[in-house]
2 protein chains.
Amino acid sequence: MKIKIRKIDYLPARQVTFSKRRRGIFKKAGELSILCESEVAVIIFSQTGKLFDFSSSSTKDVIARYNSHVGGEKSDQPTLHQLQLEKENNIRLSKELEDKSCKLRQMKGVDLEDLDLDELQKLEKLVEASLGRVIQTKEEKITSDVMALEKKGAELIEANNQLSQKMVMLPGGDSGPEAILNNIGEESVTSESATNVTTFSNSSLSLEDDCSDTLSLKLGLP
Amino acid sequence: MKIKIRKIDYLPARQVTFSKRRRGIFKKAGELSILCESEVAVIIFSQTGKLFDFSSSSTKDVIARYNSHVGGEKSDQPTLHQLQLEKENNIRLSKELEDKSCKLRQMKGVDLEDLDLDELQKLEKLVEASLGRVIQTKEEKITSDVMALEKKGAELIEANNQLSQKMVMLPGGDSGPEAILNNIGEESVTSESATNVTTFSNSSLSLEDDCSDTLSLKLGLP
DNA sequence: CTCCCTATCTTTAGCCG
DNA sequence: TCGGCTAAAGATAGGGA
């Protein structure tokens, strides 16, 4: 062996050797591909990061063929196909979102300029029916809340009475606690005082839709 | 030149040459990578489609580096990154869509079970206000429609009158057309007859939301 | 970085097992 | 398919332009 296979320290010599041997390999690769009708690709990065490549056909083709042989799963094609699916999904979702936003705005009674009379009347019926359901739900809620409070109150009174009975049996007990707790129970659970509260509380429940924030989507353009 | 660089016809000889030269190239590639501290990959497909590859490090790494140098756009990495972005976009859109659907359902007065009293009251106010705007818009629409009809009717009457005048100036003209058109105009454009039509037309304007159709999205799982 | 030259060194075609 | 052999062909280190 004339030279040892180890890093050539002297930079100019290394550069020259790199150039010569690189071309030698490319030549051999080309010869092999012709002599044996095979597909060959050689990829070389110099120490400085520069790329040199040789291929009997196309380096990209050979790499693609390599990817389909090795691994076989995580090649380009499925990824590209998936990307396509995701983009279509995005477009579909965006459209649905815009549609929903539009309907929501109409339900809130804004942007009605483009509706004709018939549509407006249908919308009115719809909102009217909705209002009815909301009021009904609210009143059911109030009723059940009140009933729950009454039940709780009754339980408290009962507990109070039992405590009072125990009190009077103890030495030094007076009637104070009984009276106080009974008063609390009787006043706060009366059922008529809370059913007509529909006119306060006027903020917006965070239902401000405004449609304008979500429609400027960049749908995957690089 | 002892041998010409052309396909070796005799199969056994070709196979032997393929094997020998292949190993020769791999050896040279390894020597180059050591001598010049470079990154080398060699990919060879035999005539029978079998893959042989050599690399100073990892063929996949070298290919990845190659992809990032060449083309730069249609390599794997950006595609994967884009895919990630698309998926995130999809998730975000799905969430927004679900949110909108939920709000829309509430506006329509369904699925109110989870709202508390305060929220119900706010919702009621909101729907009430919406109803007011819808009714107002509808009435404005009716008014403008009616005015448009009146204007049209007036124009028709005017046109009719002019025609009638020309008619009487012609030989054989009688007063028939004038009377007919005047009657049409007077009857159909009277403004009181159309302002209270709010109680017909009760279908749903295709606002059936139902939220259940759009939430079973497959978000890119293979 | 490329090309040339030349004396080595390395690869390999052809053949054998 | 593989390895060994050998002579010939080919590649390349070193030096110079």
Side-chain angles (χ1 to χ4, degrees), chain A residues 1-60 62-63 65-72, chain B residues 1-59 61-63 65-72:
Chain A
M1 261 193 185
K2 193 62 173 272
I3 66 160
K4 285 211 279 188
I5 301 301
R6 61 185 298 282
K7 179 185 173 185
I8 299 172
D9 291 315
Y10 185 55
L11 180 62
R14 188 165 68 234
Q15 289 174 332
V16 171
T17 294
F18 179 73
S19 181
K20 285 185 177 180
R21 281 184 173 255
R22 172 164 45 80
R23 285 193 296 157
I25 290 178
F26 286 173
K27 185 183 176 192
K28 293 240 175 232
E31 289 176 357
L32 178 63
S33 74
I34 294 171
L35 286 170
C36 307
E37 273 195 342
S38 47
E39 200 166 19
V40 182
V42 183
I43 301 169
I44 300 175
F45 286 98
S46 75
Q47 201 181 16
T48 60
K50 192 172 178 187
L51 166 67
F52 302 86
D53 75 302
F54 167 88
S55 175
S56 55
S57 53
S58 145
T59 304
K60 292 203 163 198
V62 178
I63 288 175
R65 196 173 169 189
Y66 174 87
N67 281 331
S68 67
H69 272 246
V70 173
Chain B
M1 261 193 189
K2 191 64 171 277
I3 66 160
K4 285 208 277 187
I5 301 301
R6 62 185 298 282
K7 179 185 172 184
I8 300 172
D9 292 316
Y10 185 53
L11 179 62
R14 188 166 68 233
Q15 289 174 331
V16 170
T17 294
F18 179 72
S19 182
K20 285 185 177 179
R21 282 183 173 255
R22 172 164 45 82
R23 284 192 295 161
I25 289 179
F26 286 173
K27 186 184 175 193
K28 293 246 174 228
E31 289 177 358
L32 178 63
S33 74
I34 292 171
L35 286 170
C36 306
E37 272 195 340
S38 47
E39 198 167 18
V40 182
V42 184
I43 301 169
I44 301 175
F45 286 97
S46 75
Q47 200 180 19
T48 59
K50 192 173 179 186
L51 166 67
F52 302 86
D53 75 302
F54 167 88
S55 175
S56 55
S57 53
S58 145
T59 303
D61 289 352
V62 178
I63 287 175
R65 196 174 169 189
Y66 174 86
N67 281 330
S68 66
H69 271 247
V70 171

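Just so it is clear: chains get the letters A, B, ... in the order the sequence lines come, proteins before strands, and each one is counted from 1.
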In this structure, how many angstroms lie between the [atom2] atom of [N] and the [atom1] atom of [X], rounded?
X	N	atom1	atom2	answer
B/K4	D/dA9	NZ	P	15 Å
A/I25	D/dA11	CD1	C1'	11 Å
A/E31	C/dA13	CD	P	9 Å
A/I34	C/dT12	CD1	P	15 Å
A/R14	D/dG14	CZ	C1'	17 Å
A/K27	C/dT12	NZ	P	11 Å

Item to complete: Taking atom NZ of B/K50 as the centre, report whether more than 12 heavy atoms of other residues, nucleotides or ligands fall under 6.0 Å from it.
Response: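 Open: at most 12 neighbouring heavy atoms sit under 6.0 Å from NZ of B/K50.
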
Worksheet item: How are the rings of B/F18 and B/F52 set to each other: parallel, tilted or perpendicular (split at 30° and 60°)?
Response: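 The arrangement is perpendicular - the two ring planes meet at more than 60°.
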
Worksheet item: For A/K28 and D/dG10, is the shortest distance between a side-chain N/O and OP1 or OP2 below 4.0 Å?
Response: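 For A/K28, the contact criterion (side-chain N or O under 4.0 Å from OP1 or OP2 of D/dG10) is not met.
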
Fill in: Identified side chain to side chain donor-acceptor pair (under 3.5 Å) counterpart of B/E39 within the set B/S57, B/S58, B/S56
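Exactly one option meets the side chain to side chain donor-acceptor pair (under 3.5 Å) with B/E39, and it is B/S57.
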
Discussion item. Is the shortest side-chain heavy-atom distance between B/Y66 and A/K60 below 4.5 Å?
Written reply: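 With C-beta onward as the side chain, the pair touches.
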
Worksheet entry | Validation row: A/V62, A/V40 side chains within 4.5 angstrom (heavy atoms) |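 SC-SC contact between A/V62 and A/V40 ruled out.
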
Item to complete: Would you jot down, in residue-number order, the residues of residues 15-23 of chain B having a non-hydrogen atom under 4.0 Å from DNA chain D?
Response: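 B/S19, B/K20, B/R23 - these, ordered by number, are the residues of the stretch whose heavy atoms sit under 4.0 Å from the strand.
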
Worksheet entry | Heavy-atom donor-acceptor pair, B/S68 side chain to B/R65 backbone, under 3.5 Å |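 Flag set: sc B/S68 to bb B/R65 pair under 3.5 Å.
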
Worksheet item: Nearest nucleotide by nearest heavy atom, which residue falls closer to the 5' end of DNA chain C, A/L35 or A/F52?
Response: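 With A/F52 and A/L35 compared, the 5'-side residue is A/F52.
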
